[in-house]
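Only one structure is covered here, and it is reproduced in the block below.
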Amino acid sequence: MTTLPIATPRRMRASAWRLLLRYPGQLVAVLSVHGLSAAFGLVGPWLLGNLVEDVAGGAADVTRVAVLVLVFIATQALCSGIAVYLSARLGEKVLAELREDFVAGVLAIPLATVEHGSGDILTRTTRDIDTLARCVRQAVPDVLICAVTVVITIGGIVLLGPLLALPCLVAVPFLWASTRWYLARAHDGYLREAAAYSLITEGLTESVRGARTVDALRLGSRRMDRANRDIAGAYAAERYTLRLRTVYLPVADMSYVLPVVATLVIGGLLHIRGMVSLAAVTAATLYTQQLLVPVDRMLFWLNEIQTGGAALARVIGIECHRPEAHTEGDHDVPQANDVRVRGLTYAYRAGRDVLRALELDVAPGERLAVVGPSGAGKSTLGRLLAGIYRPRTGTITAGGASLSDLPFERLRQQVALVTQEHHVFRATLRENVAMVRPDVTDDELERALRAVGAWEWARPLGLDTPLGAGRVELSPAHAQQLALARIVVAAPHTLVLDEATAFLTPQAARALEQSLQSVLSGRTVIAIAHRLHTAHDADRIAMMLDGRIVETGSHNQLIERGERYAALWESWCRGSEEPAGNIN
Ligand code: ATP
């Protein structure tokens, strides 16, 4: 049902405990102030109990008791306010860190997975994080407050007389059985509910992204059917959890009334037999009554905590996705940047290899152009060289280290892929370029923007101009230059360009590639060449056909050889506006 993993209940519980105990000192402070507040809350009923006894004995000072009750209520309110403030602050801190961990987890997901599970990631980023936020901000602190209040109040009843605490136990079997029944079903129920919402988001995202295809092939009614099916699934999942609540909550409600009645009746009987005072029975009944509010709130939040647990399992499940080889470890950082490909095979679908036993060597600082007819596997090779896909068989090494074994951070320092899809972030021009290296100076930024031919439009705009949707929007050609400027700043050892200049005119693309060459001197550049002038300018060309490299050599060598590349060049020159002789 979902493309990304979900943390096991054990891992989820361990994470929840880690979150709770992240700041033990502050947690103890919060609980202590709540405890103090609950203790002050016990004084009022105790005074009232004594007042009842005094009234029965005919010697009561009602005014004094009323003033004292008011003083203790005010003190309790003050303590409670401080405690709520402290727990809210702690909750926000934990939540902020949880969000940071989540963002780090999302950024570490391999691109190949992001492409296939974007709806699921979106639901986890929005709905699940919101659910979790509600849980961390409200449910967890309130449950802790209530638990402290319950313990202290029961302690108060025991102090009045251990026998008076017994009626409270009447509710335990009902609450225990109904809560067990609920918990056994709720976690899976809420997970199913969240997964059902993921499916809806995924289906809708797909329909919106592929709107033109849907329209052209008249797939509208099929997409509607899918949306209806997904909504029906979500409805069924919601109904299931609703049924659980409609059974559980009334049983729980009934369980609260029993202890109050029982305390009054049993306490009354004990008083008649002279075993406890009238003051103790009155105070114990009031305490039991006072217990209802925290118990009710705890049961109310139990539901929220179940939903929050399911959300947490999905949020931390993102981290479970990190492929083991890509986690931080004691890997050698490659120094030299020679790229070696040995016996590389890759298949999108089992049994249909699109790369077959491919062999390739790229020397440090070399400019290699990969050419070939459409469908030969050039882009697939580019994505494997950038570490986005993992080989089915064979190896790709950079400076002797296998790309599959490099941690993500190091992989990105080593190899970067630039395609024709460029995202302009909602940030200033400076931030958009400098995000890959925040310590970059303005001079370096200018040099990078000049190298990609962007300075003439970037200078009048200013580095601090906000870009992105709803602000200054760049044309696709300018966005492409921005993406390349980012790469110049990042300066990876090896750069894989796949249609990185597709939005520029052929002349502008060639000029940009030539100026990039001077900026990236000493770096290895592997260019997937859809326009053959890129191949013409490269140090070496690798001609691909049907998932293999069939010819390698310089432009002149391959033209002299007069085989496949020569034929491709001829047909490209005939098809392009520039005659072969003009490209020099
Ligand atoms: P072009 O010049 O048209 O971009 P290419 O040489 O870059 O072609 P690839 O895009 O690597 O070729 O495609 C190689 C083969 O893999 C093709 O048969 C293509 O249909 C298939 N292919 C590419 N991407 C996918 C995908 N995401 N899922 C399944 N098959 C794919």
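Both backbone and side-chain heavy atoms feed into the values below; hydrogens, waters and symmetry mates do not. As the structure lists them, so they are numbered: ligands from 1, and atoms in each ligand from 1. Note that the numbering runs from 1 along the sequence shown for the chain.
Listed by number with element, the atoms of ligand 1 under 4.0 Å from a non-hydrogen atom of Ser379 are 4 (O), 5 (P), 7 (O), 10 (O), 11 (O). Near Val354, meaning under 4.0 Å from one of its heavy atoms, ligand 1 places the atoms 15 (C), 16 (O). Residue contact check: Lys378 has heavy atoms under 4.0 Å from atoms 2 (O), 5 (P), 6 (O), 7 (O), 8 (O), 11 (O), 12 (O) of ligand 1. Residue Pro373 approaches ligand 1 through these ligand atoms, each under 4.0 Å from one of its heavy atoms: 6 (O).
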Salt bridge (Lys or Arg N to Asp or Glu O under 4.0 Å) evaluation trace for Arg226 with Glu206: CA-CA 11 Å; Arg226 149 124 204 222; Glu206 212 170 65; 3.7 Å; yes

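Contacts with ligand 1 closer than 4.0 Å are made by heavy atoms of both the backbone and the side chain of Thr380.
Here the side chain of Arg367 pairs no donor or acceptor atom with the backbone of Thr524 at under 3.5 angstrom. Checking side-chain atoms of Arg356 against main-chain N and O of Asp546 turns up a donor-acceptor pair under 3.5 Å. In this structure a side-chain-to-backbone donor-acceptor pair under 3.5 Å is missing from Glu551 to Met543.
Under a 4.0 angstrom heavy-atom cut-off, Gly375 registers as being in contact with ligand 1.
Remark: the Gln557 side chain and the Tyr565 side chain contain no N/O donor-acceptor pair separated by less than 3.5 Å.
Annotation: ring pair (Phe, Tyr, Trp, His ring centres under 6.0 Å) contacts involving residues 425-446, sequence neighbours excluded, comprise His423-Phe425.
Looking at Ala347, Ala376, Ser374 and measuring to atom 1 (P) of ligand 1, the nearest heavy atom belongs to Ser374.
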